[in-house]
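What follows is one structure encoded as structure tokens, with my remarks underneath.
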Amino acid sequence: MFFMKIITVEHLKYKYPLSDKLALDDISFEIEQGEFIGIIGQNGAGKSTLCQALVGLVPNFYKGSYGGTVLVNGINVSKTEVSEVASHVGLVFQNPFNQITGSKLTVYEEVAFGLENLGLPVEEMKRRIDNVLNLLGLYEFRDKNPFDLSGGQMQRLAIAGIIAMQPEVIVLDEPTSQLDPQGSEEVFRVVQRLSEQGMTIVMAEHKMEKIAAYSDRVMLLHDGKLIDFDIPKKVFSREDIEEYGVITPVYTRICKNLDIKDENGFYPITIDEAHERLEKIL
Amino acid sequence: MSEIEVRNLHFSYTKGQEVLAGITLDLNLRPTAIIGQNGAGKTTFVKLLKGLLKPTEGDIFVKGYNTKEKSVAFLARYMGLVFQNPNDQIFKSKLIDEVMFGPLNIGQDEKTAKRNSLEALDLVGLRNRINENPYDLSLSDRKLVSIASILAMDTDIVVFDEPTIAQDYRGKEKIKDIIRYLKDKGKLVITIIHDMDFVAETFERVIVFNRGKVLLDGDTRFVYSYRDKLRTASLEQPYVMQLAQKLHIGTPLLTVDEFTDWFNKR
Amino acid sequence: MRTLSLYQEGDSIIHKIDPITKIIFVLITILIPIIMGTLNSAFAFLIISLTLVIIAGVIKKVLPIVGFTSIILVTVIIIQGLYYFNNRTPFFAIGTVVFYKEGLLYALEIILRIYSIINSVSLLMFTTKPSDLVEALVKKGLSPRIGYVFSSVLQIIPQMMSTVDTIIDAQRSRGMEVEGSFSRRIRAFIPLIGPAVISSLIDTKERAMALEVRAFNSRYKKTFLNEGTTFKYADVMQVSLISILIISIVLRFVH
Ligand SMILES: Nc1ncnc2c1ncn2[C@@H]1O[C@H](COP(=O)(O)OP(=O)(O)OP(=O)(O)O)[C@@H](O)[C@H]1O
Ligand SMILES: Nc1ncnc2c1ncn2[C@@H]1O[C@H](COP(=O)(O)OP(=O)(O)OP(=O)(O)O)[C@@H](O)[C@H]1O
Ligand SMILES: [Mg+2]
Ligand SMILES: [Mg+2]
């Protein structure tokens, strides 16, 4: 199979206006089409800023000082209007409460908002909306006013609105913070399925067990710098990882306490790996 | 008398659609987590405890006072609620004023209010930033401010609505410590939360809400042993417990430390 | 949740007529009586729009508006009855104050026109979903941005009011007494205006970003989920309404 580079970031530097420190400090990386990338790092590490740089809100919306290039699907996002980028790259924001457009009266119409802007035919729209509402467990609320949803229901709606647009790349900033355990598992599964179908996924998350189980590669950010970008096993086996304010998955911590490593010297990071190792001992 | 008594509580936002459908329970001094699927009615329930919403049927007694008969401001002397969204709560332009607002309102004198506020800011780790504008802080720090401003009120009951949202691992540890500290001071802590491992490490009692009703209620270990029932409420067992079960370990192990100890003693 | 919309759910034939036809109807009820300038035309249109309001089943909603307007219209009767420049024929007198026939007739015409306008505008507002109305206009060439402003104002203002409610709730939760006398509530409310404004400014900025990533300003030709109220006879009705307008103009000039 031939893999295409879909995101190329070179020497990206960024400083918010009125701030005297770099929020992103000389970041370079490449992502291939269909990859599922996790972004981890402590509060203030720069995860949200990087997410917003991938769609061009940084710098086009915030202004501030910007250097380097972000190429997504061949588009130089800092030189392109966000609405243009939006048909190729979708972004789900960290705070679900402010993502409701406010011009639609029902959940169903709210999802349609982006699709109308893309000029899709009505039949196609309805097909996609029905599909995402079912996918995210919102179908029974389709006629409800979006502002009357619970926190978790609103977050599901925000995700649905972007997935329905079917961009080539989806960036999600802590998209499961308000979801119940099975709800967040479902979101990870849905997103993984999309990545198997060729969509590229970039997701900032604090839920390390999920990142370990689902992502192809993990990006560790600290103080605006890219510390590491590798397969989850390697990143979570770093001895210095806690110095970056990141905790490893529960399974990794157990195995670390018991000094259980695999033949390559890495700690298990998922329940299956931990199970496999521990079963042999028990 | 229990701190909080809930009797046959019903509530609906729109007629005919019950969000809470008959809840009866007592809340005592054990740190208690309320868990349940999105839309189960958890936020609605704590707003009712606080008196911000009134039952459509049934009664709630907080420290013996019926919430229907007392104003929210009156009840605030006994119960503090940290809102899910800190932006809803913050309204002063200086951090210290923000935190002192509640204590002064419920009749603490200036000196006590200041002392309690500084102590609360110390707990959340923001003591050195008392002159900053809360709006300039990041979302995670603003959440900590909103927690401090409730702690400073020194109420007997403290309720958190999803306190760990947006917090990294250190922030979560901080909140864990705060909950234990409140317990040691003899306060009732009630927390809505979706993080099962956090619950396993921090709370003694767990109440599972499901479609407006209580599905399970009891000791943390007891509640978490009902794997299938939890599934029907869109929940999961803590990760450690999942691993222990997969390994057919008979003891219900809740935390990394319990697992390690068990393994080493085996 | 509260909305600013006046729309009344219903399934009358009037609800099924498309927004554009209704807008043309409103224009006609305003223009024809002015063009014709006769009492009869004003009266005719009042009867027509009143009948339609009754058919639509929204008369209960319209009556209070009519009632409120009537208070203002009394002054029209008095002023025109007394001072209309064409006043010649005394009609009746209250003490030394004389009301004239010409002025009273003129006032009647104004009143009939205003009532018929109220009826037809109400017909539009009460039987058309705001979103349908805005979309119909956008399809006819109104800029989508302006369309968004219209429809979001209908949603976001109530949303801001609930933000204020939330902020008040948060402060009540911290022991601020807001229940009780009016002045106490006002005093409690004033310090909350600042935070309410700031919070909605933050919301607005974040919402603007959220719209961008939903391709709000994209170059694609926008489509619409709701085809609008597809009404079989829309074309026929619009053509007939416009013909009536043209005929009235012609008649006017022939005379
Ligand atoms: N609008 C802004 N103006 C100025 N500085 C900002 C702004 N937003 C973020 N920052 C700063 O940029 C840095 C990176 O913040 P960012 O929000 O990207 O972190 P994060 O990794 O997403 O953190 P969290 O886990 O809390 O969401 C921080 O130092 C933060 O204070
Ligand atoms: N203002 C409102 N008007 C109408 N319905 C509402 C309103 N607020 C909440 N609801 C509905 O009531 C139900 C319970 O909502 P609530 O916010 O209590 O849920 P929750 O358990 O806190 O969920 P989450 O975990 O997602 O925060 C949901 O189905 C929600 O859609
Ligand atoms: Mg962030
Ligand atoms: Mg909630």
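Letters A, B, ... mirror the listed sequences (proteins, then strands); counts begin at 1. Just so you know, these numbers come straight off a predicted model, no measurement behind them.
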Report yes or no: do C/Thr29 and C/Ser120 form a side-chain donor-acceptor pair below 3.5 Å?
yes
For a 4.5 angstrom cut-off between non-hydrogen side-chain atoms, does C/Leu225 reach A/Ile129?
yes
Between the side chains of C/Tyr115 and C/Ser70, is a donor N or O closer than 3.5 angstrom to an acceptor N or O?
yes
Assess A/Arg142 against A/Tyr139: is NZ or CZ under 6.0 Å from the centre of the six-membered ring, and within 45 degrees of the ring's axis?
yes
Tell me, out of C/Asn217, C/Thr223, C/Leu211, who's got the most heavy-atom pairs with chain A below 4.5 Å.
C/Thr223
Mind listing the closest non-hydrogen atom pair of C/Ser122 and C/Ile65 along with its distance?
OG-CD1, 4.3 Å
Distance-only donor-acceptor check, side chains C/Thr21 and C/Asp18, under 3.5 Å:
yes
Should the pair A/Glu124-A/Arg128 be classified as a salt bridge under the 4.0 Å nitrogen-to-oxygen rule?
yes
Strictly by modelled atom types, are A/Thr106 and A/Lys144 linked by a side-chain donor-acceptor pair under 3.5 Å?
no
Judged by modelled atom types alone, do A/Glu205 and A/Thr176 share a side-chain donor-acceptor pair under 3.5 Å?
yes
Any donor-acceptor pair under 3.5 Å linking the side chain of A/Gln33 with the backbone of A/Gly198?
yes
Hydrogens and angles aside, do A/Ser195 and A/Glu35 bring a side-chain donor and acceptor to less than 3.5 Å of each other?
no
May I ask you to list the residues in residues 45-73 of chain A that approach chain C closer than 4.5 angstrom, counting heavy atoms only, ordered by number?
A/Gln52, A/Val55, A/Leu57, A/Phe61, A/Tyr62
Lys/Arg N to Asp/Glu carboxylate O, A/Asp180 vs A/Arg156, below 4.0 Å:
yes
Tell me, please, which residues at least two apart from A/Glu84 pass side chain to side chain contact (heavy atoms under 4.5 Å, CB included).
A/Thr80, A/Glu81, C/Arg219
Pull out the residues in residues 161-175 of chain A that come under 4.5 Å of chain C, heavy atom to heavy atom, sorted by number.
A/Gly161, A/Ile162, A/Met165
May I ask you to list the residues in residues 110-118 of chain A that approach chain C closer than 4.5 angstrom, counting heavy atoms only, ordered by number?
A/Glu110, A/Val111, A/Ala112, A/Phe113, A/Gly114, A/Leu115, A/Glu116, A/Asn117, A/Leu118
